[in-house]
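Note on naming: letters A, B, ... go to the chains in the order of the sequence lines (proteins, then strands), and numbering restarts at 1 for each one. Quantities reported herein were computed from a predicted structural model and do not represent experimental measurements. Only this structure's heavy atoms are used, side chains among them; waters, hydrogens and symmetry mates stay out.
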Protein chains: 2
Amino acid sequence: MTADLEITRLGESGGKGFEKVFAFLRERLLAGSLRPGDRLIPERDLAAQLGVSRPILREALRALTVLGVVEIRDRVGTIVRRPDPSVLNDFFTFAFAQQAEVIDDVMQARIAIECQAVRLAAERATVSDFEKLQQALARIVETIDDADAGGVADFEFHRAVVTAGKSETLIVLHQSLSGILMRSHRGRRELLQVFDTMKTYLIDDHRRIFDAIIGRDPEHAEKVLREHFAIGDDFRRRAAIGEPGRRSASS
Amino acid sequence: MTADLEITRLGESGGKGFEKVFAFLRERLLAGSLRPGDRLIPERDLAAQLGVSRPILREALRALTVLGVVEIRDRVGTIVRRPDPSVLNDFFTFAFAQQAEVIDDVMQARIAIECQAVRLAAERATVSDFEKLQQALARIVETIDDADAGGVADFEFHRAVVTAGKSETLIVLHQSLSGILMRSHRGRRELLQVFDTMKTYLIDDHRRIFDAIIGRDPEHAEKVLREHFAIGDDFRRRAAIGEPGRRSASS
DNA sequence: ATTCATACCTTGGTCATACCAGAATACATA
DNA sequence: TATGTATTCTGGTATGACCAAGGTATGAAT
């Protein structure tokens, strides 16, 4: 369906062109005049009705695009999108990137998200989730000797945990934060730092997390996951100071 | 200072105009070639170097603007901004507008953030933080009979807790999530649902959280905070189904 | 030499027009 | 009715131009 905008007295709208248009569209979007799935009228017409040129109208539409509010489909039209939190990725990428020193800080947020998610997972996980977790766990065992693939498997397991939590918001935040960590040097290095003593830690810890979820024990699940992060951090810390870490994992 | 972009082999960059430019700028921003405070070269020059027209270049710049990455100053230039979390609010306004059903989900994320933050707070809080928390606590007691002010005081306390955690990432996320919850109907209603039995709950719970932080006990702090949320959720649930909730707060 | 007023250049803000390519649609044909 | 083709519609992009005000250099006045 095409949403025909009721344009009324545009001249008095404050702002200079872009600001005016953007504000107008935002109002329509937030008020609900424009609903997900609606298709805006053609750019030329809309620009004319709003009293601005097409380039300016497009600036506003593009701005709404990066906000995930609308989607401009080539040779089709501009349609209102269903609020999709995934656009947060772009934002977080900018917000936290380039600040290498905040990686540890971002990690804290990831821990926060996962610890909450694992609780929810223990309550909400379905049989399907169990299977996914099982597979992820198996993958970790399989790739235990491959640094790269192992890192991916590790990440996938954690992602499966969060997914099992069934919280869209947590899933989105986790995805965003993971992206940041992935891009960081430390994040990549982490994937490579797999010495022998780490293998059992990796496998056993993840299995315990899995068991806790299966056992529907949120409290224990979080506890185990939290320890998992603590130990991982310990490993990373040792690696950072140059200690080979060939000794046992006893702190 | 003016950041002169080293343009190299632009033709091969994938994407169609806007996408190409946006990707290029994003890469520069993320890589650190462009740092906060830097001023981009004039639009005309930049457009020429990137091989696109000025309108397209402006679309990309405008997109970066809504992401809070750069700031276009009229008749001055485009300068790279320091990551400013405040733009998240504008963003979330769209992302979760009129989607009341996701409020509970967002709340899960808030719980996640705060539970992690309170742990950190118990470890990192300074004397200054203690004072802030003390004041926030006192404010809660003062405004216990005022629904509006009380709601604000409650929020301020939680904010103080997160702040005391000294994690920029958690602070940013908390602020954003709080913004969403504030704007929601349920969020506002929550502030109004202050029946008598809730008063002691409000005061006692927050005091216990405060004590746990003072006592440098992360484990206990999280436990208390989590219970606090659970009870609050219980209150809200009862209010939602119409039960006056005059009974005691026992489970 | 210092101060200050003025003209000039720069730079973002905007508009109008034009062309392209492909999706959507209408229409003619088998 | 089914199908292939021509037309229209729509976004994607490029040019060139004009405006207004911030910056700056110039030069006169002190």
Separation of [N] [atom2] from [X] [atom1] (nearest whole Å):
{"X": "Lys20(B)", "N": "dG12(D)", "atom1": "NZ", "atom2": "P", "result": "15 Å"}
{"X": "Leu46(B)", "N": "dT10(C)", "atom1": "CG", "atom2": "P", "result": "17 Å"}
{"X": "Ile56(A)", "N": "dG12(C)", "atom1": "CD1", "atom2": "C1'", "result": "10 Å"}

With the threshold set at 4.0 Å, does a side-chain nitrogen-carboxylate oxygen contact exist between [X] and [Y]?
{"X": "Lys166(B)", "Y": "Asp129(B)", "answer": "yes"}
{"X": "Arg159(A)", "Y": "Glu156(A)", "answer": "yes"}
{"X": "Arg139(A)", "Y": "Glu142(A)", "answer": "yes"}

message = Among residues 63-71 of chain B, which ones have heavy-atom contacts with DNA chain C below 4.0 Å?
response =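 Those residues whose heavy atoms fall under 4.0 Å from DNA chain C, taken from residues 63-71 of chain B, amount to none.
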Distances under 3.5 Å between nitrogen or oxygen atoms of protein and nucleotides 8-11 of chain D:
from	atom 1	to	atom 2	distance (Å)
dG11(D)	OP2	Glu43(A)	N	2.9
dG11(D)	O4'	Arg75(A)	N	3.2
dG11(D)	N7	Arg44(A)	NH1	2.9
dG11(D)	O6	Arg44(A)	NH2	2.9

key: Any residue meeting salt bridge (charged side-chain N to carboxylate O under 4.0 Å, His left out) with Lys132(A), in chain and number order, not counting sequence neighbours   =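 Testing Lys132(A) for salt bridge (charged side-chain N to carboxylate O under 4.0 Å, His left out), a comparison that skips the adjacent residues, returns none.
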request  = Please examine the side chains of Leu61(A) and Leu25(A), heavy atoms only from C-beta on, and report whether any two atoms are closer than 4.5 Å.
outcome  =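 Side chain of Leu25(A) against side chain of Leu61(A), heavy atoms only: contact under 4.5 Å found.
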message = Quick one, Met107(A) and Asp233(A) - any side-chain contact, counting heavy atoms below 4.5 Å?
response =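 Answer no - side chains too far apart.
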request  = Go through the steps for Ile113(B) and Ile113(A) under the test side-chain contact (heavy atoms from CB on, under 4.5 Å), then give the verdict.
outcome  = CA-CA 7 Å; Ile113(B) 299 300; Ile113(A) 299 299; 4.2 Å; yes
message = Parallel, tilted or perpendicular: which one describes the rings of His158(A) and Phe229(A), with boundaries at 30° and 60°?
response =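 Ring orientation, 0 to 90° scale: tilted.
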